[in-house]
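For reference, the structure is listed below as structure tokens.
Bear in mind that the values here come from a model prediction, so they are computed numbers and not experimental data. Every chain is numbered from 1 and lettered A, B, ... according to where its sequence line falls, protein lines coming before strand lines.
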Amino acid sequence: MRKVRVRFAPSPTGALHIGGVRTALYNYLFAKKHGGDMLLRIEDTDSARFVPGAEDYIVESLKWLGIEIDEGIGVDKAGPHAPYRQSERKAIYRKYVNQLLEAGLAYIAFDTPAELDAKRAEIANFQYDAKTRGLMTNSLTLSENEVKARIENGEQYVVRIKIEPNEEIKVQDLIRGEVVINSSVIDDKVLFKSSDELPTYHMANVVDDYLMEISHVIRGEEWLPSAPLHVLLYRYLGWTEVMPQFAHLPLLLKPDGNGKLSKRDGDRLGFPVFPLNWKDPKTGETSSGYREAGYFPEAVVNFLSLLGWNSGTEQEIFSMQELIDQFSLDRVSKSGAKFDYEKGKWFNNRYLQLKSNEEIATIFQQILIEKGIEQELDKVTRIVSLVKERANFVIDLWGQSSFFFTAPTEYDAKTIQKRWKAETPAQMTELISVLTAIDDFTAENTETIVKDWITAKEYNLGGVMNAFRLSVVGEPKGPHMFDIIAVIGKEETIKRLQRAVNNINIK
RNA sequence: GGUCCAUUCGUCUAUCGGUUAGGACGCCAGGUUUUCAUCCUGGAAAGAGGGGUUCGACUCCCCUAUGGACUACCA
């Protein structure tokens with residue numbers, strides 16, 4: 001049994017899309033499950049679409065998510081198959097292109113893009129293949145000398161694969177089973193372009209997967225139509241015996257409407273489609289990322305893992321290790337998954353609840369500092385413990401707990417109307433004296449004393465407590481009142497009560 | 001247009017011929033709570049349609065419909 005070696009091979013054309021992240025994740029899970037290696041290779045064979053910074057972005061994204069690379073880009077020591085950037089492997093591809101040319105399995109074509117466009121306009125459903133290549137300008141229609149002359153003249157050309165028609169090409173897919181496509185519908189794809197001396201995806205991909213000893217190609221469904229071409233390339237190159245196994249993953253779809261999830265959907269619907277914030281160096285346009293939106297990487301991984309795969313059990317929360325242990329390609333679904341952002345939030349909520357108060361407090365402390373509030377970790381931890389369960393994100397904690405740090409400056413009008421009665425100011429003034437007399441300001445003690453007072457005076461518990469809350473918090477929300485005042489302290493509590501008595505007027 | 005892939009609650013999905021078609025998100029209702037939230041309980045909610053095969057189909061086959069991907073000197 002061959003060692004499992006998989007690769008994630010994005011092209012550096014911008015930020016790593018969330019669908020790409022899932023592909024990387026599934027590759028990683030599969031590799032680790034089988035004790036194999038995960039490679040990161042950069043497919044930068046399209047010089048025109050290269051975007052600076054994209055490669056670093058990809059490396060940083062995977063690192064943030066905990067998807068560890070064993071070999072290739074982003075690893076300190078160059079691996080045994082270096083380089084791992086396709087633009088740096090020109091000579092390698094050239095050799096195999098020549099091999100194909102010499103064997104008569106590929107040919108040179110001089111048709112310019114303009115000429116091809118003209119043909120497409122002229123002939124409906126034009127396809128460069130066995131039926132049409134005799135009409136075109138290539139080494140099959142030109143004499144050997146003319147081909148040589150044109151090349152020596154510096155004329156640009158491409159190398160095309162020569163597909164023999166009318167053969168049923170079979171692709172064994174680990175997720176979909178056998179897929180059969182007739183070779184007649186495959187066109188003579190460009191394998192190599194002289195303009196930049198670089199191969200196209202198809203050629204580079206097959207050559208590299210072979211040389212890097214890739215055992216399984218796990219990639220998006222958009223590659224399924226070209227898989228037969230790749231099978232043919234392995235055959236033409238004489239590598240059928242070591243051809244990797246294929247698995248084509250279902251796509252991530254738009255939450256609403258139709259089509260695959262795109263960057264624009266994120267902007268339109270208000271959620272990130274990238275792992276990290278990204279600023280496009282050309283347009284200056286920025287896109288938000290899950291990290292900066294406050295997601296925990298574990299939540300993103302967990303959420304993504306379940307978009308197209310399930311364990312077959314009712315478990316929903318998985319650590320990376322559990323995912324590795326339970327992952328299996330035959331439990332990957334065949335149909336596309338609509339991206340459900342609401343569920344993503346829920347996953348973050350679960351991880352927030354799972355984390356220790358102190359860990360969250362450490363993060364929250366930074367947010368507080370940005371708001372100009374410096375607090376000791378102990379106190380922040382205590383506050384976190386009181387409000388954590390009502391938050392999905394660490395940032396939500398601010399909305400739930402800001403009153404711990406700053407006294408209310410205004411009071412919720414609806415609540416005044418409902419809870420601030422004619423007798424309230426007198427009761428609150430009385431409450432001030434009750435609280436003033438308390439030395440031990442713990443929640444248990446203040447609760448006992450205040451409740452005894454309310455009972456003794458035969459006041460309405462709800463009436464007093466709600467007015468008390470309004471005075472201290474400013475709104476009808478928050479944790480248990482006595483927990484709140486234990487944190488903010490006696491002096492501040494009394495101050496807030498006094499201010500409420502002075503400022504709230506009954507309409 | 002052509003080729004290929006897919007089709008269970010609104011969404012993610014379980015079911016691998018016999019189930020009251022299960023779970024989760026979201027939604028709704030009730031309960032707990034001095035407030036809000038949490039939490040607890042409950043509820044509504046699905047096999048695209050039509051043919052077969054079979055004692056019996058969500059499950060297997062065919063057709064139709066619908067959705068998606070691909071159809072570049074992009075990946």
Side-chain angles (χ1 to χ4, degrees), chain A residues 9-13 43-46 48-49 86 109 111-113 116-117 120 124-125 127-128 156-160 171 173 175-176 179-182 184-187 189-196 198-202 204-205 219-228 248 250-251 253 255-260 303 306-317 330-331 333-347 349 353 387-391 396 400 412 415 418-419 451 454 460-470 473 475-482:
Chain A
S11 67
T13 53
E43 309 223 328
D44 53 349
T45 52
D46 184 2
R49 293 211 307 158
Q86 292 186 329
D111 317 272
T112 64
L116 290 169
D117 283 346
R120 289 187 188 105
N125 298 326
Q127 176 173 285
Y128 209 124
Q156 305 239 301
Y157 63 92
V158 297
V159 174
R160 288 182 180 271
V171 179
D173 186 281
I175 294 170
R176 285 149 216 285
V179 176
V180 183
I181 296 181
N182 191 288
S184 298
V185 303
I186 307 173
D187 62 336
K189 277 268 179 305
V190 170
L191 261 21
F192 178 88
K193 44 214 153 77
S194 70
S195 58
D196 54 10
L198 245 20
T200 59
Y201 170 82
H202 306 289
N205 182 261
R219 78 230 296 195
E221 192 187 347
E222 68 268 28
W223 293 110
L224 192 52
S226 52
H248 290 93
L251 263 16
L253 273 18
D256 60 342
N258 310 320
K260 67 175 170 174
F303 174 43
L306 259 17
L307 243 31
W309 171 84
N310 74 85
S311 67
T313 68
E314 287 182 356
Q315 185 177 352
E316 298 249 35
I317 301 300
D330 49 48
R331 292 208 64 90
S333 49
K334 296 181 178 72
S335 51
K338 284 192 177 176
F339 193 77
D340 181 9
Y341 188 62
E342 286 303 319
K343 190 130 189 188
K345 286 199 243 179
W346 177 78
F347 276 107
N349 173 289
Q353 305 315 322
V387 299
K388 162 168 97 161
E389 64 190 22
R390 47 191 81 211
D396 294 346
Q400 298 295 340
D412 184 65
T415 313
K418 199 171 162 195
R419 308 288 192 188
K451 280 189 170 168
I454 290 171
N460 175 280
L461 179 70
V464 173
M465 292 308 297
N466 283 302
F468 187 16
R469 178 176 298 278
L470 179 65
V473 177
E475 292 173 80
K477 68 168 194 184
H480 196 58
M481 267 317 287
F482 299 100

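With the nearest nucleotide of RNA chain B identified for both A:Trp346 and A:Val179, A:Val179 has the one nearer the 5' end.
Nucleotides B:rA29 and B:rA44 are separated by 15 Å at their P atoms, to the nearest Å. One C1' atom belongs to B:rU32, the other to B:rG22, and the distance between them is 28 Å to the nearest Å. B:rU7 and B:rA46: their C1' atoms are spaced 12 Å apart (whole Å). B:rA65 sits 29 Å from B:rC25 when the C1' atoms are compared, rounded to a whole Å. A gap of 13 Å separates the C1' atoms of B:rU13 and B:rG47, to the nearest Å. The same atom, P, is picked in B:rA45 and in B:rU11; the two are 16 Å apart, to the nearest Å. To the nearest whole angstrom, the two C1' atoms, one in B:rC58 and one in B:rA48, are 12 Å apart. When the P atom is used for both B:rA37 and B:rA69, the distance is 40 Å, rounded to whole Å.
Distance, A:His248 NE2 to B:rC5 P: 12 Å, rounded to whole Å. A:Ile175 has its CD1 atom 21 Å from the P atom of B:rG68, to the nearest Å.
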| Tell me, for nucleotides 27-36 of chain B in 5' to 3' order, what letter each nucleotide earns: B for a base near a protein heavy atom under 4.0 Å, S for only sugar-phosphate near one, - for neither? | -------BBB
| When you check every protein heavy atom under 4.0 Å of nucleotides 69-75 of chain B, what one-letter string (B, S, -) results, 5' to 3'? | SS--BBB
| Could you write nucleotides 59-66 of chain B as a row of B, S and -, 5' to 3', where a protein heavy atom under 4.0 Å of any base atom gives B, of only sugar-phosphate atoms gives S, and otherwise -? | --------
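In terms of heavy-atom proximity, A:Asp44 sits nearest to A:Gln86 at OD1-N, 3.2 Å. Among all heavy-atom pairs drawn from A:Leu251 and A:Glu222, the shortest one is CD1-OE1, 3.3 Å. Taking all atoms of both residues into account, the shortest heavy-atom contact from A:His202 to A:Ser226 is CE1-CB, 3.7 Å. The shortest heavy-atom contact between A:Ala467 and A:Arg419 is CB-O, 4.1 Å. For the pair A:His248 and A:Glu221, the tightest heavy-atom approach, listed with the atom from each and the gap, is CB-CA, 4.2 Å. Closest approach of A:Asn310 and A:Leu306 over heavy atoms only: CA-CD1, 4.4 Å.
In this structure, A:Ile317 CD1 and A:Trp346 CH2 are separated by 4.5 Å, a value rounded to the nearest 0.5 Å. A distance of 9.5 Å separates NZ of A:Lys343 from CG of A:Leu307, quoted to the nearest 0.5 Å.
B:rA45 makes up no base pair with any nucleotide shown, lacking Watson-Crick or G-U wobble contacts both under 3.5 Å. Across all strands shown, nothing is found opposite B:rU33 as a Watson-Crick or G-U wobble partner with both distances under 3.5 Å. Applying the Watson-Crick and G-U wobble criteria (two distances, each under 3.5 Å), B:rU19 pairs with nothing in any strand. Across all strands shown, B:rC70 forms a Watson-Crick or G-U wobble pair, both distances under 3.5 Å, with B:rG2. Across all strands shown, B:rA14 remains unpaired; no Watson-Crick or G-U wobble contact has both distances below 3.5 Å. When both pairing distances are held under 3.5 Å, B:rU7 makes a Watson-Crick or G-U pair with B:rA65.
Using a cutoff of 4.0 Å between basic side-chain nitrogens and carboxylate oxygens, A:Asp46 and A:Arg49 are scored as salt-bridged.
Every residue meeting the side chain to side chain donor-acceptor pair (under 3.5 Å) condition with A:Asp330, not counting sequence neighbours, appears here in chain and number order: A:Ser328. Every residue two or more places apart in sequence or in another chain was checked for a side chain to side chain donor-acceptor pair (under 3.5 Å) with A:Thr200, and none qualifies.
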What's touching nucleotides 7-13 of chain B from the protein side, N or O pairs under 3.5 Å?
{"residue": "B:rC12", "atom": "OP1", "partner": "A:Lys338", "partner atom": "N", "Å": "2.9"}
{"residue": "B:rC12", "atom": "O2'", "partner": "A:Leu306", "partner atom": "O", "Å": "2.9"}
{"residue": "B:rU13", "atom": "OP1", "partner": "A:Gly308", "partner atom": "N", "Å": "3.0"}
{"residue": "B:rU13", "atom": "OP1", "partner": "A:Ser333", "partner atom": "OG", "Å": "3.2"}
{"residue": "B:rU13", "atom": "O3'", "partner": "A:Asn310", "partner atom": "ND2", "Å": "2.9"}

| said: Evaluate A:Ser311 against A:Thr313 for side chain to side chain donor-acceptor pair (under 3.5 Å), listing each step before the verdict. | reply: CA-CA 5 Å; A:Ser311 67; A:Thr313 68; 2.7 Å; yes
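The shortest distance between side-chain heavy atoms of A:Asn466 and A:Pro476 does not fall below 4.5 Å.
As judged by a 4.0 angstrom heavy-atom cut-off over every strand, A:Val180 is placed among residues touching the sugar-phosphate backbone only.
Below 30°, between 30° and 60°, or above 60°: for A:Tyr201 and A:Trp223 the angle between ring planes is below 30°, a parallel geometry.
Ring centers of A:Phe303 and A:Phe339: under 6.0 Å apart, within the cut-off.
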